[in-house]
*Asks:* 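Just dropping this structure here.
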Amino acid sequence: MSEHFKQLAAERAAEDVKSGMRLGIGTGSTAEHFVRALAVKVSEGLQVVGVPTSERTHALCVELGVPMTTLDNEPELDLTVDGADELDAHLSLIKGGGGALLREKIVAAASKEMVVIADSSKAVSRLGAFPLPIEVVPFGLEATRRSVLSVLSKLELPDVLHLREKDGQAFVTDGGHVILDAHLEDIPDARELAMELTAIPGVVDHGLFIDLATRAYVAGEDGVAEILPETAA
Ligand SMILES: O=C[C@H](O)[C@H](O)[C@H](O)COP(=O)(O)O
């Protein structure tokens with residue numbers, strides 16, 4: 001059923017796309033529904049260009065005939081549409097479950113608006129149940145891993161950190177990096193954690209997206225809800 005809800009959220013976001021827009025196009029199963037909905041509109045005459053956030057999305061856009069460009073050609077985008085692994089009431093996100101966080105964050109940061117699309121299972125009161133992806137340079141991995149553990153300890157967070165694997169090997173991102181997944185269970189202060197992780201040499205980026213999403217479409221049994229960020233308490 002969640003696939004149906006993902007599709008509903010994605011199709012709602014596709015209604016916001018107008019001819020002439022320069023888009024950021026997300027990655028993952030929900031974003032795939034958006035690409036498919038967008039491709040239908042393109043076939044009906046919608047004039048857009050999009051920057052894909054992964055090789056996987058690039059291949060899908062080629063397959064479906066969605067016109068693409070690059071951030072070098074279009075460094076200012078109008079709208080990014082992307083999924084999330086978790087989203088809270090402030091529209092802070094955990095992303096990167098599919099390994100695309102770095103390009104996704106760069107593209108989202110280049111966009112005037114970021115619309116998150118998700119099924120209702122992604123909406124949480126507090127981030128952290130989903131393991132936080134931390135993208136790391138392979139060089140000096142063990143030293144960087146220790147630095148991350150030191151930060152987790154300083155912030156009194158669980159020190160459960162796993163190198164993401166695929167087919168028995170370290171998973172490698174489109175950018176040639178590896179991912180440490182931090183099983184934190186609950187993140188009391190996402191902003192503080194984001195700042196601390198970003199400062200660690202060897203950490204390229206992480207899956208905390210803060211102050212980037214401008215609205216969300218979350219679909220569930222009651223239909224599609226439009227969510228705007230709650231002003232911070
Ligand atoms: O790295 C992958 C992206 O951050 C995805 O947007 C995120 O993992 C959500 O994916 P899905 O829509 O498949 O749940």
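Remember, it's 1-based here, ligands and their atoms both numbered in the order they're listed.
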*Asks:* Of D211, D82, D205, which is the lone residue that meets salt bridge (charged side-chain N to carboxylate O under 4.0 Å, His left out) with K105?
*Replies:* D205
*Asks:* Only heavy atoms of K6, strictly under 4.0 Å: list the atoms of ligand 1 that pass.
*Replies:* 14 (O)
*Asks:* Which residue and atom name correspond to the protein heavy atom nearest atom 14 (O) of ligand 1, and how close is it?
*Replies:* K122 NZ, 2.5 Å
*Asks:* Can you name the atoms of ligand 1, numbered from 1 with element, that are less than 4.0 Å from a heavy atom of D82?
*Replies:* 6 (O)
*Asks:* Does the H90 side chain pair with the main chain of E230, one donor and one acceptor, at a distance under 3.5 Å?
*Replies:* yes
*Asks:* Considering only heavy atoms of G83, which atoms of ligand 1 have at least one such atom less than 4.0 Å away?
*Replies:* 6 (O)
*Asks:* Does any N/O atom on G98 come nearer than 3.5 Å to any N/O atom on ligand 1?
*Replies:* yes
*Asks:* Taking only non-hydrogen atoms of E32, do any sit less than 4.0 angstrom from ligand 1?
*Replies:* no
*Asks:* Please state which protein non-hydrogen atom is closest to atom 8 (O) of ligand 1 and give its distance, to 0.1 Å?
*Replies:* D85 OD1, 2.8 Å
*Asks:* Quick one: does ligand 1 sit under 4.0 Å from the side chain of T30, the backbone, both or neither, non-hydrogen atoms only?
*Replies:* both
*Asks:* Between E11 and Q7, do the side chains contain a donor N or O and an acceptor N or O under 3.5 Å apart?
*Replies:* yes
*Asks:* Looking only at heavy atoms, what is the nearest atom pair of L91 and A213, with distance?
*Replies:* O-CB, 3.7 Å
*Asks:* May I ask you to say whether K41 pairs ionically with E44, meaning some side-chain N is under 4.0 Å from a carboxylate O?
*Replies:* no
*Asks:* Show which atoms of ligand 1 fall inside a sub-4.0 Å distance from at least one heavy-atom site of G28.
*Replies:* 13 (O)
*Asks:* Using heavy atoms and a threshold below 4.0 Å, how should the contact between A84 and ligand 1 be classified: side chain, backbone, both, or neither?
*Replies:* backbone
*Asks:* Can a donor-acceptor pair be found, under 3.5 Å and without considering hydrogens, that links the side chain of T198 to the backbone of A194?
*Replies:* yes
*Asks:* Give the atoms of ligand 1, by number and element, whose distance to some non-hydrogen atom of S29 is under 4.0 Å.
*Replies:* 11 (P), 12 (O), 13 (O), 14 (O)
*Asks:* Around atom CG of D16, are there more than 12 heavy atoms of other residues, nucleotides or ligands at under 6.0 Å?
*Replies:* yes
*Asks:* Of all the heavy atoms in G96, does at least one lie under 4.0 Å from an atom in ligand 1?
*Replies:* yes
*Asks:* Geometry only, no angles: is A100 polar-contacting ligand 1 at N/O separations under 3.5 Å?
*Replies:* yes
*Asks:* Any nitrogen or oxygen of G99 lying under 3.5 Å from a nitrogen or oxygen in ligand 1? Just yes or no.
*Replies:* yes
*Asks:* Under a plain distance cut-off of 3.5 Å, with no hydrogens placed, do D119 and S121 share a side-chain donor-acceptor pair?
*Replies:* yes
